[in-house]
There are 2 protein chains.
Amino acid sequence: MTAKQTEKQFLKSYNIHDFDVPLTSVDMAIFTLKDEQLQVLLVKRAQHPALGQWALPGGFIDFKKDKVLADAARRKLAEKTGVDTPYLEQVATFGGADRDPRGWSVTITYFALIVCDEVELSGDESSDDVKWVPIKDITNKLELAFDHKQVLAACIERLKNKVQYTSLPVNLLPEEFTLTELQQTFEIILDKKIEKKSFRRRIDDADILEETGNMKTGSNRPAKLYRAKPKGENFYFTRNIEGPR
Amino acid sequence: MTAKQTEKQFLKSYNIHDFDVPLTSVDMAIFTLKDEQLQVLLVKRAQHPALGQWALPGGFIDFKKDKVLADAARRKLAEKTGVDTPYLEQVATFGGADRDPRGWSVTITYFALIVCDEVELSGDESSDDVKWVPIKDITNKLELAFDHKQVLAACIERLKNKVQYTSLPVNLLPEEFTLTELQQTFEIILDKKIEKKSFRRRIDDADILEETGNMKTGSNRPAKLYRAKPKGENFYFTRNIEGPR
DNA sequence: TGAATTGGTGTCTTTAGGCCACTAAGATGT
DNA sequence: ACATCTTAGTGGCCTAAAGACACCAATTCA
């Protein structure tokens, strides 16, 4: 019995392959703003199972390269997009006996927000194609591998919810941006109009941006350019954004 | 190469033990209200590793009994407490190379809210002791196995956050309760006083409770007893509870 | 029977967001 | 050159929901 062993003896004789273990992977919804739409990156599976089907990018934990879970997510993100400092957030973990034909499986799901023009898409051995899909096109028609539609739905829901009471959309914009651009980003994600004055007052009171001193010109009156204040962290409002009554 | 196989052939030759797989478990913070305090259930580990140390209850997925992840959490909860209809919510998944001496490991963490007097504590083979600990006593002095202190901290943080904008505390009370009892539950979790009228207005506007018709007597003026309205789901306020200014 | 205690309400203030009209400054067309 | 259009940005009033606090109501207990 275990009670008589020391921990050292126990560990010496321990072999994980003596046990039932679920297949464990990390998948992610990588969001970006492109053509004035919120889009998500999908990859075409280059391997069994679900070969040839579109899926969320993801893969297995690399015991050598990944020290913690988020490392695996960041590694996958960098492999697919070349981006290495995204906003990254764990959304949920899905697991079950039937979601993957290989057996009991678990997927830890993250979402990332990245700036579109920092991306260099790269197919690699594990996927022979990669594409951006507007989330408006994630409908019943579109099929995804495994339970990825449900997984993606959870990511989209989390993003939309959080945009109601945080400053998350800042992470979808380049270093410098105008308040109108920021407002449009909120509007695109929430899929509703926001009143200009209310929006600007809200952002102003939060004190999360600073003027860069530069102006964006070209469209009639020039607009002040802002950047996120260095402290950086995501701001939490105490009240949800409401939109028109 | 995989590309030439059918999926059927691939699955036939697939053996998960040919791969690096992390140790995957489900752990949970089981919260209850006891002696006017928020308390969490800890178990003393009866097996290696970390034998004899206090830890969050948890265990491995049982491929036979568990169809999906939450089943494993519910099963563990029932084993320890006998409670089978808790409020259950997934909090986060922690994974890393160093958190368990057996190797790369992953734990999917849930928290549960249960009513204290529905509990029948039961030690079983995997733990020779079980106890309730007030979360105020979860300090630097207290040691927990693995990274469970961090895990528990995440659960407590999630609970506290969510209580600011939901009706979660209803799940810590028995079927019938007074508004004062509900308010006290909020106050205990948030660790601050709430103004009575504001609180009652908020609950009333949310329209989530109904009078049972019974009264609670014994302490001076009798108080109306309420129950959660049948639709049940957790209510989301659009604004955080604020407490004294 | 009256003070103490706990349940429950009326109503004023404060806060943050909605609404909408207005000014500011550059682009465009004749 | 100058009127008009468009987008940037602000002033100011209104409203919803929460805080503050005084007050009334119903019971226990001395």
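Order of the sequence lines fixes the chain letters, A, B, ..., with proteins taken first and strands second; residue numbering starts at 1 for each chain.
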Checklist outcome for this item: Of the candidates D:dA16, C:dT6, D:dT10, the side chain of B:Ser219 sits closest to C:dT6

Next on the checklist: Checking contacts here: which listed nucleotide (C:dG18, D:dG9, D:dA17) is nearest the side-chain heavy atoms of A:Arg201?
Outcome noted: C:dG18

Checklist outcome for this item: Rounded to whole Å, the CG-P distance (B:Asp205 to D:dG19) equals 12 Å

Next on the checklist: Please classify the nucleic acid contact of A:Ser198 as base, sugar-phosphate, or nothing, using heavy-atom distances under 4.0 Å.
Outcome noted: base

Item to check | Separation of atom NZ in A:Lys193 from atom C1' in C:dG17, rounded to whole Å | outcome: 19 Å

Checklist entry - Tell me: CG of A:Leu179 to P of C:dA24, nearest whole Å? => result 19 Å

Checklist entry - Between B:Ile194 and B:Pro222, which is nearer to the 5' end of DNA chain D once each is assigned its nearest nucleotide? => result B:Ile194

Checklist entry - What's the NZ-P distance between B:Lys196 and D:dA25, to the nearest Å? => result 14 Å

Next on the checklist: Please report the distance, rounded to the nearest Å, between CE in B:Met215 and C1' in D:dA25.
Outcome noted: 11 Å

Checklist entry - Does a donor on one side chain and an acceptor on the other come within less than 3.5 Å for A:Glu176 and A:Thr212? => result yes

Next on the checklist: Is a donor from one side chain sitting under 3.5 angstrom from an acceptor on the other, for B:Asn240 and A:Thr238?
Outcome noted: no

Checklist entry - Which comes earlier along DNA chain C counting from the 5' end, the contact point of B:Glu195 or that of B:Asn220, where each point is its nearest nucleotide? => result B:Asn220

Next on the checklist: From CG of B:Asp204 over to P of D:dA18, roughly how many Å is that when rounded to an integer?
Outcome noted: 12 Å

Checklist entry - Hey, does A:Arg202 reach any base, or is it just sugar-phosphate, or nothing, if we go heavy atoms under 4.0 Å? => result sugar-phosphate

Next on the checklist: I need the CD1-P distance between B:Ile241 and D:dG19, as an integer number of Å.
Outcome noted: 7 Å

Checklist entry - Any side-chain heavy atom of B:Thr180 within less than 4.5 Å of one from B:Arg200? => result yes

Checklist entry - Would you call the rings of B:Phe199 and B:Phe186 parallel, tilted or perpendicular if under 30° counts as parallel and over 60° as perpendicular? => result perpendicular

Checklist entry - In whole Å, what is the span from the CZ atom of A:Phe237 to the P atom of C:dT15? => result 18 Å

Next on the checklist: Mind checking if B:Glu242 touches a base, just sugar-phosphate, or nothing, with heavy atoms under 4.0 Å?
Outcome noted: sugar-phosphate

Checklist outcome for this item: Per nearest nucleotide of DNA chain C, the residue lying toward the 5' end, A:Thr238 or B:Tyr226, is B:Tyr226

Checklist entry - Between A:Lys196, A:Lys193, A:Lys192, which is the residue that forms a salt bridge (charged side-chain N to carboxylate O under 4.0 Å, His left out) with A:Glu187? => result A:Lys193

Checklist entry - Of B:Pro244 and B:Arg221, whose nearest nucleotide on DNA chain D comes first from the 5' end? => result B:Pro244

Checklist entry - Just to confirm, is there a sub-4.0 Å distance from OP1 or OP2 of C:dG8 to any side-chain nitrogen or oxygen of B:Arg200? => result yes

Item to check | Distance-only side-chain donor-acceptor flag, A:Thr109 / A:Asp27, under 3.5 Å | outcome: no

Checklist entry - For D:dA8, does either OP1 or OP2 sit under 4.0 Å from a side-chain N or O belonging to A:Thr180? => result yes

Checklist entry - Any idea which of C:dC20, D:dT7, C:dG10 is nearest the B:Lys197 side chain? => result C:dG10

Checklist entry - What does B:Lys224 touch in the nucleic acid at a heavy-atom separation under 4.0 angstrom: a base, only the sugar-phosphate, or nothing? => result sugar-phosphate

